[in-house]
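To start, the structure itself, in structure tokens.
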Amino acid sequence: MDDLHSFSWYAAKLKKLLPPEAFKPVPTRLFGGLTYLIITITVISLIGLNDFHPLVLLIFSIILGSCFAGLGFLGHEILHGTVVRKAWLRDLLGAMAFWPLNTGPTLWRKWHNLNHHVHTQHEENDPDAWPTLERISKMRMFKWIYGLPLFIRSFFAFASLTVQFSAHSLKMFFTYVKEFNRKKQRDIWMQMILPWISWLSLIFVIGFRNWLFAYLVPLLIANFIVMAYISTNHRLNPLTPVNDPLANSLTVTVPKIVDILHFNFSYHTEHHLFPGMNPKYYPIVKQHIKAMWPERYHEMPMTEALIALWQTPRVYQMHTNLIDPKNRKTYGSLGNNLNLKSISRNSERLKKAVLKNPTRKG
């Protein structure tokens, strides 16, 4: 990793190739959020006013979970200042978008914008980076967990995606709240407490059974959707001493309709190069990156990225390798001999198995 470059190095070379409008806010993105909001209010109202069969309620939960996730992706966009620029309006709209995920705008900008983006994949300074072998060797609980077989760890790791965003958000709250002055601390506490109060109060309005399908199950679904992206953004990439987005970030590919529904969140390398650019323009950035640095750019289908996560441990050795502490088997990271051909073969076998047995859940 001797030839790493900072994100500003790439951005300076790319910016002159991009149209000026790419760097302006795009408030029309709010129409997507309004659509999600209308669907959310409508479906919660239907659940509260009727006595539906559990299967119907589960369908409603899937719809709501998808809306919660979509609002979260839009909130991420808003709080980067790419939709509106006025600070008070940005924070208000960001708070509304993140309301289902119970994450306040002030905490998010501190945790995500100021720490994760500035220190991406730095083993100590990135709050989202996974640990090194040296670090987990000092943790008794993690030593026990990593003593389990890899497939058991992978199963529970994927199951935990249903709560991981909420749990990590709570962890970040207690990590960063003390770094603010007293007035800001009060704001951050209110931004965290008010969404929970509103959602828990809903129990007394629609009843506990309906609340499970109107909020709790959708929250688990939203967590899984959001974490399916977040877990592939960097966890197959190496830790890097220089914040080089082409080395430490991964763009995943999804169907076009999914990109529309998720506000182009899949373009993650592009996002780390231009976090202040509206994702509407990331396909243009991608074209230029692939033309200028095709050998450095990391991209793979979402399904293959998730399979790769299943097959590899989440512990780093020497920054560029992943290691299984149980048997000391090492795996490459992206750009460092990660065996993509093997992953691709496993992905194809999985697809064939599903096609051969259509009743099997994929």
Side-chain angles (χ1 to χ4, degrees), residues 29-76 93 95-103 155-170 194-231 254-266 302-303 306 350-351 353-362:
R29 306 285 274 183
L30 294 173
F31 287 116
L34 180 61
T35 302
Y36 279 131
L37 184 61
I38 291 171
I39 294 171
T40 297
I41 294 172
T42 301
V43 174
I44 291 177
S45 299
L46 285 172
I47 292 173
L49 296 172
N50 296 277
D51 185 21
F52 290 109
H53 188 277
L55 287 178
V56 176
L57 290 173
L58 184 59
I59 292 171
F60 281 152
S61 292
I62 294 170
I63 294 171
L64 285 171
S66 300
C67 288
F68 290 180
L71 284 168
F73 294 136
L74 179 61
H76 167 259
L93 294 172
M96 292 173 63
F98 269 119
W99 200 269
L101 296 174
N102 306 293
T103 301
F155 173 81
F156 283 104
F158 270 65
S160 75
L161 296 181
T162 58
V163 298
Q164 215 172 96
F165 183 86
S166 294
H168 192 56
S169 181
L170 191 60
L194 285 178
W196 277 113
I197 290 176
S198 68
W199 293 116
L200 292 173
S201 298
L202 192 61
I203 296 173
F204 302 101
V205 179
I206 65 175
F208 184 73
R209 174 181 178 271
N210 284 340
W211 180 81
L212 289 176
F213 291 98
Y215 184 67
L216 184 59
V217 175
L219 179 63
L220 299 178
I221 293 169
N223 263 267
F224 188 88
I225 294 171
V226 170
M227 288 308 303
Y229 281 103
I230 292 177
S231 62
V254 295
K256 179 64 177 176
I257 184 63
V258 177
D259 268 335
I260 293 171
L261 292 172
H262 294 165
F263 299 95
N264 278 357
F265 195 80
S266 63
M302 169 73 89
T303 51
L306 290 171
L350 181 60
K351 290 176 184 176
V354 172
L355 290 173
K356 185 179 287 187
N357 183 11
T359 61
R360 177 179 172 179
K361 293 182 181 180

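Keep in mind it's a predicted model, so treat the numbers as computed, not measured.
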Residue list, side-chain contact (heavy atoms from CB on, under 4.5 Å) with Asn210, at least two apart or on another chain: Ile47, Leu57, Ile206
Atom pair CD1 (Ile203) and CZ (Phe208), whose distance is rounded to the nearest 0.5 Å: 6.0 Å
Neighbour count >12 (heavy atoms, 6.0 Å) for atom CE, Met96: no
Heavy-atom check, side chain of Phe158 versus side chain of Leu306, under 4.5 Å: yes
Side-chain heavy atoms of Leu161 within contact of Asn223, under 4.5 Å: no
Non-neighbouring partners of His168 that pass ring-ring contact (aromatic ring centres under 6.0 Å, His included), sequence neighbours left out: Trp111
Validation row: Phe165, Thr103 side chains within 4.5 angstrom (heavy atoms): yes
Any donor-acceptor N/O pair, Ser198 side chain to Pro195 backbone, under 3.5 Å: yes
Main-chain N/O of Leu261 paired to Tyr36 side chain as donor or acceptor, under 3.5 Å: yes
Gap separating the CD1 atom of Ile63 from the CD1 atom of Ile221, nearest 0.5 angstrom: 10.0 Å
Verdict with reasoning, Ile225 to His262, per side chain to side chain contact (heavy atoms under 4.5 Å, CB included): CA-CA 10 Å; Ile225 294 171; His262 294 165; 3.9 Å; yes
From Arg209 atom CZ to Leu212 atom CG, the distance as rounded to the nearest 0.5 Å: 9.0 Å
Name of the residue among Leu49, Asn50, Leu55 meeting side-chain contact (heavy atoms from CB on, under 4.5 Å) with Phe52: Asn50
Pairwise side-chain contact, Ser169 with Leu101, heavy-atom cut-off 4.5 Å (strictly under): no
Test side-chain contact (heavy atoms from CB on, under 4.5 Å) applied to Ile44 and Leu64, Val205, Ile39, the passing residue: Leu64
Spatial distance of atom CZ (Arg29) from atom CZ (Phe263) [nearest 0.5 Å]: 6.5 Å
Shortest non-hydrogen contact from Ala222 toward Gly65: CB-O, 3.5 Å
Separation between CZ of Phe155 and OG of Ser160, rounded to the nearest 0.5 Å: 10.5 Å
Residue pair Leu200 / Tyr215, side-chain heavy-atom distance below 4.5 Å: no
Least distance between heavy atoms, Ser266 atom then Asp259 atom: OG-OD1, 2.6 Å
Minimum heavy-atom distance Gly75-Ala97, with the two atoms named: CA-CB, 3.5 Å
Student check: side-chain heavy atoms of Phe73 and Tyr229 closer than 4.5 Å: yes
Nearest heavy-atom neighbours spanning Leu74 and Gly33: CD2-CA, 3.4 Å
Pairwise distance NE2(His76) to CZ(Phe98) - rounded to 0.5 angstrom: 7.5 Å
Note, Trp199 side chain near Asn102 side chain (heavy atom, < 4.5 Å): yes
Non-hydrogen side-chain atoms of Phe60 and Pro218 separated by less than 4.5 Å: no
